[in-house]
Structures are given as C-alpha cells and as structure tokens.
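This report refers to the structure that appears directly beneath it.
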Amino acid sequence: MTLGGAGGNALRTGGILLVFAILGTALLALTHARTEPIITRSQQAEKLALIEQVLPQTLYDNDLLASQQSVPPDDLLGTRQPSDLWVAQRAGRFSGVVLEAVAPDGYAGDIALLIGIDADGAVTGVRVTAHRETPGLGDYIDRAKSPWIDQFVGRSLAHPEPRHWKVAKDGGTFDARAGATITPRAVVKAVRNALEYFARHRAALAAPPAAPKEDPA
C-alpha cells in the first residue's frame, strides 16, 4: 500500500468517525430536548410531594412551587450555600412557610432538613432529606425508618420553653435513642434555629410579593 493510499484511508476513516460523532451528538440533543420537560415535571412532583409532608394542604391554596424563593446562606439555617423556601398563602393571606435547613453537626456531618412552619410560628412538619448517619443507630431521624421526627409538630419557640429545647438526656423535652444522641441533638438544635430564623424574617415573608414594574416604553 502506498503512502498516498494510507492517507486516503485515514481521511475516509476520519470522515466516517466525524459523521458518527455528529449523528450521535444530534441524537443526544434530541433525546435531551424530549425528556427534559418530563424530568422537570417529575422533579417538581417529587418536590411538591415532599413539601406536602411538612405543610398540610389545608394551610394553603396558592401554587407553592411558584412561590419558591432563594435565600442567602444563614447561620440560623445552617446553610453555607443559598437555599430555598416556599411561601404558603390561603385566601390571599400568609399562612406559613417551608424552609430548607441544615443541621451541620450530625454524627457524620450535614443533615439536610425540610421544615414547615405556620403563620403563628408553630412547626407543621419536619423531614430529613439527606444524611449520612450510621445505619441502624442514627438513621431513625428519617421518617421512613421511625416516627421520631414527628415530635416536632406543634412545637414553637415558646413550646417548650427555651431551656427545654434539648434532648431528654440533656434535661430537655425531646426523646432520643440511647447511644445515638449526637444526631438528635443536631436535629433539635437545627429545628429550633429555623424557628428563630422564621421569627426574625416573618414580616418580610408575610409581605405581599412586589408587583412587577411596568415597562416605561
């Protein structure tokens, strides 16, 4: 085979590979375009289902997903990155909020939480959305494993009184399993801090959304 022949083969091979690469890219783009709306709807449905676990549907009649706001990192929320919150309204009046929060001092690190709070500052529900606690020992904070997390429902900054916002082992109100108190301590502290965050920002959260500015043109 001459050098010229080898060069021609290389060019043909390269051309064929280029065609396959273009076709592959086009196929991926088409698949992405067709599946993205489905994936987005599925993710929104999952998020709404989780939100509904911490905020009863009887408390709101607005589109909660459309009420989503991003808030900057905040020590009371335990967040180091912007997090989300959802504002609930019923008959046009502020009725509660769902906050993303983090308990940063779990036994194995961050414990991500979703916390519902009604307009009066009482917890309507708490769910652990992510954690790395020890399976079988510290993972009972997960509602799928235990109803432990339900003991926060109805609690507020004043109920129990501040000195009792601790696990029972530390003289507080909240139960904890023997041998795994670091995890519930972190969750109790995070829920209490989220209530404090709500109290500080309640007025802003309850304010009606600003009307969009009209285009002067």
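Just so you know, residue 1 is the first one in the sequence shown, and it goes up from there. Reckoned from all heavy atoms, side chains included, excluding hydrogens, waters and symmetry mates.
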Looking only at non-hydrogen atoms, find the nearest pair between [X] and [Y] and report the distance.
X	Y	answer
Gly125	Val153	CA-CG2, 4.1 Å
Ala122	Ser156	CA-CB, 4.2 Å
Gly78	Val102	O-CB, 3.3 Å

When rounded to the nearest 0.5 angstrom, what is the spacing between [atom1] in [X] and [atom2] in [Y]?
X	Y	atom1	atom2	value
Leu137	Ile182	CG	CD1	9.5 Å
Arg143	Thr129	CZ	OG1	15.5 Å
Asp175	Gln151	CG	CD	5.0 Å
Phe174	Lys166	CZ	NZ	12.0 Å

What do the steps show when you test Thr25 against Leu27 for side-chain contact (heavy atoms from CB on, under 4.5 Å), and what is the final call?
CA-CA 5 Å; Thr25 301; Leu27 182 60; over 6 Å; no
Keeping [X] on the side-chain end and [Y] on the backbone end, is there a donor-acceptor pair under 3.5 Å?
X	Y	value
Ser67	Val87	yes
Ser95	Leu59	yes
Glu100	Leu114	no
Thr79	Pro82	no
Asp61	Ala91	yes

So among Asp74, Val191, Ile117, which one has a side-chain contact (heavy atoms from CB on, under 4.5 Å) with Leu99?
Ile117
Atom CG of Asp63 with >12 non-hydrogen neighbours under 6.0 angstrom
yes
Atom CD of residue position Glu161 - does it have more than 12 heavy atoms of other residues, nucleotides or ligands inside 6.0 Å?
yes
What pairs with Asp170 under side chain to side chain donor-acceptor pair (under 3.5 Å), at least two apart in sequence or on another chain?
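Applying side chain to side chain donor-acceptor pair (under 3.5 Å) to Asp170 gives Arg185.
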Sequence-distant partners of Arg177, side chain to side chain donor-acceptor pair (under 3.5 Å), two or more places apart
none
Identify every side-chain donor-acceptor pair in residues 192-199 under 3.5 Å, counting partners at least two apart or on other chains, and give the distances.
from, atom 1, to, atom 2, distance (Å)
Arg192, NH1, Glu196, OE1, 3.3
Glu196, OE2, Arg200, NE, 3.2

Applying side-chain contact (heavy atoms from CB on, under 4.5 Å), run through Val97 and Leu55 and close with a yes or a no.
CA-CA 8 Å; Val97 68; Leu55 194 73; over 6 Å; no
According to a 4.5 Å side-chain heavy-atom criterion applied to Ile, Leu, Val, Met, Phe, Trp and Tyr, with indirect links allowed, do [X] and [Y] form part of one hydrophobic cluster?
X	Y	result
Val98	Leu48	yes
Val126	Leu76	yes
Ile115	Ile141	yes
Val187	Val123	yes

Could you please spell out the steps behind the side-chain contact (heavy atoms from CB on, under 4.5 Å) verdict for Val128 and Ile111?
CA-CA 7 Å; Val128 172; Ile111 300 171; 3.9 Å; yes
Tell me every residue that passes ring pair (Phe, Tyr, Trp, His ring centres under 6.0 Å) with Trp148, counting only those two or more places apart in sequence or in another chain.
Tyr140, Phe152
Mind jotting down which residue pairs meet the side chain to side chain donor-acceptor pair (under 3.5 Å) criterion with at least one end in residues 101-125? Sequence neighbours excluded, please.
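Sorted result for residues 101-125: Arg80-Asp110.
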Within residues 45-95 or reaching into it, pairs that qualify as ring pair (Phe, Tyr, Trp, His ring centres under 6.0 Å) - sequence neighbours excluded:
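Output for this query is empty, none listed.
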Any chance you could lay out the side-chain contact (heavy atoms from CB on, under 4.5 Å) test for Arg155 and Trp165, step after step, and finish with the verdict?
CA-CA 10 Å; Arg155 302 295 184 177; Trp165 263 95; 3.9 Å; yes
Heavy-atom check, side chain of Ser83 versus side chain of Leu77, under 4.5 Å:
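When only atoms from C-beta onward are counted, Leu77 and Ser83 do touch, with a gap below 4.5 Å.
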Does this structure show an ion pair linking Arg127 with Asp150, if we count only N-O contacts that are shorter than 4.0 Å?
yes
Check the side chains of Thr183 and Glu133 for a donor-acceptor pair under 3.5 angstrom, ignoring hydrogens and angles.
yes
